[in-house]
Amino acid sequence: MATKIISGTEIAKQIREELKTEVAEMKEKHGVTPGLVTVLVGESPASVSYVTAKQRTAHDLGFHSVQDNQPEDITEDDLVALIEKYNQDPAIHGILVQLPLPRHIEESRIIFAIDPDKDVDGFHPVNVGKMVIGEQCFLPCTPAGIMEMIIRTGIETSGAEAVIVGRSNIVGKPMANLMLQKREGGNATVTLCHTRTKDMAFHTRRADILIVAAGRPKVVTADMVKEGVAVIDVGVNRIGKTPEGKAILCGDVDFEAVKEKASAITPVPGGVGPMTITMLMKNTVQAARQISGIA
Ligand SMILES: NC(=O)c1ccc[n+]([C@@H]2O[C@H](COP(=O)([O-])OP(=O)(O)OC[C@H]3O[C@@H](n4cnc5c(N)ncnc54)[C@H](OP(=O)(O)O)[C@@H]3O)[C@@H](O)[C@H]2O)c1
């Protein structure tokens, strides 16, 4: 059986088309334009490129989009005050603060300051708590994007052995939670691996679905997976530069070797990455609907 290469780029394109139609309809029928602010503190090149991509996508979808750049030395109090301003702004439905923040700012205080109704990154504890108990909420964008990929590709999760490598708050932990929810894309038997896991290959070899978010280039090799596994590679590792100065990326999975055994696999780049931004847009549309009382 040929291996299916799951194109996040294609699935994201499909969802963006759906969102474009939805946004046009919201504007026409309800006079509501989804509004997204992205707050960038400092000028780290990676953060600048992420925020630029988010703004470009928001703009393409017809959002009201605001890019708010703040200096590296902004105080924590001033950043909280800025967020409170956007919490009150009726034209803004989604607030995204690009992480990581400079060391002198406590990230949790900033995340907690965002109105949970505008927390389109899904990091506020109110949304995290709702996700865990299966209530409607803003899901964190990367795990939400992975769920969309799994569902739209038709990968069977019910009763499957799902193994997740990585236990971060933004990927591994929410991913594990979503896969064990009692609903579409869930109902899996979930194992979560991390650096203290004794024999990781023992677990990964049992996986029907393997999701890897370790941030270590090619940490999953072909001998660590079974025939027919579906693999979602979340990792984005910069392993060098082209002569033109463009970053060379690779995932956490040895793509070329693992694809020979897998039934389906995501590439890097072009896999999970485009889905993350798209889910941010989807969350913003959802926020605009909820805040404006559109069913
Ligand atoms: N494509 C996207 O949109 C997107 C979004 C988010 C993240 N990412 C990428 O995904 C990767 C993970 O991101 P993250 O934020 O979750 O990273 P993170 O906060 O650094 O967490 C990495 C996790 O992987 C575990 N880990 C690391 N090396 C391991 C190993 N050799 N064996 C088993 N577990 C190991 C760590 O275990 P401990 O907890 O024990 O330290 C930790 O739980 C990164 O490459 C990141 O760039 C991509």
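Both ligands and their constituent atoms are indexed starting at 1 by order of listing. Worth knowing before you read on, the calculation uses all heavy atoms, side chains too, and leaves out hydrogens, waters and symmetry mates. In what follows, residues are counted from 1 in the order of the sequence shown.
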Review point. Under 3.5 Å between some N or O of ligand 1 and some N or O of Val236?
Key: yes
Check your understanding: Less than 3.5 Å between some nitrogen or oxygen of Arg167 and one of ligand 1, yes or no?
Key -> yes
Just by distance, with hydrogens left out, do [X] and [Y] show a side-chain donor and acceptor under 3.5 Å apart?
| X | Y | answer |
| --- | --- | --- |
| Gln55 | Thr38 | yes |
| Thr221 | Asp223 | yes |
| Arg56 | Ser65 | no |
| Gln67 | Lys54 | no |
| Gln290 | Gln286 | yes |
| Asp115 | Tyr86 | no |

Study note, to complete from the structure: shortest atom 27 (C) of ligand 1-to-protein heavy-atom contact is with Ala214 O, 3.4 Å
Study note, to complete from the structure: In this structure, atom 44 (C) of ligand 1 is nearest to the protein heavy atom Gly215 CA, 3.6 Å
Review point. Looking only at heavy atoms, is any part of Arg216 under 4.0 Å from ligand 1, and if so is it the side chain, the backbone, or both, or is it neither?
Key: side chain
**Study point:** Side chain, backbone, both or neither: the part of Met200 lying under 4.0 Å from ligand 1 by heavy atom
**Key:** side chain
Run the numbers for me: atoms of ligand 1, each under 4.0 Å from some heavy atom of [X], listed by number.
| X | value |
| --- | --- |
| Gly166 | 23 (C), 24 (O), 25 (C), 43 (O) |
| Thr276 | 2 (C), 3 (O) |
| Val171 | 6 (C), 7 (C), 16 (O) |
| Thr142 | 3 (O), 5 (C), 6 (C) |
| Val165 | 33 (C), 34 (N) |

Exercise for review: Return the minimal non-hydrogen interatomic distance between Pro274 and Ala12, and the atom names on each side.
Suggested key: O-CB, 3.7 Å
Review point. Minimum heavy-atom separation for Ile211 to Met179, with atom names?
Key: CD1-SD, 3.6 Å
Review point. Donor-acceptor pair, Glu107 side chain versus Leu99 backbone, under 3.5 Å?
Key: no
Review point. Can any side-chain N or O of Gln181 pair as donor or acceptor with the backbone N or O of Met131 at less than 3.5 Å?
Key: yes
Exercise for review: Mark the output for Ala213 as yes if a heavy-atom distance to ligand 1 is under 4.0 Å, and as no if none is.
Suggested key: yes
Point to revise | Contact check, Thr197 vs ligand 1, heavy-atom distance below 4.0 Å | key: no
Return the option from [options] holding the heavy atom at the smallest distance from [atom].
| atom | options | result |
| --- | --- | --- |
| atom 8 (N) of ligand 1 | Val234, Val219, Ile170 | Val234 |
| atom 35 (C) of ligand 1 | Asp252, Thr195, Asp233 | Thr195 |
| atom 1 (N) of ligand 1 | Pro269, Ser168, Gly273 | Gly273 |

Practice item. Can you confirm whether something in the protein, heavy atoms only, sits under 4.0 Å from atom 20 (O) of ligand 1? Key: no
**Study point:** salt_bridge(Asp208, Lys226) N-O dist < 4.0 Å
**Key:** yes
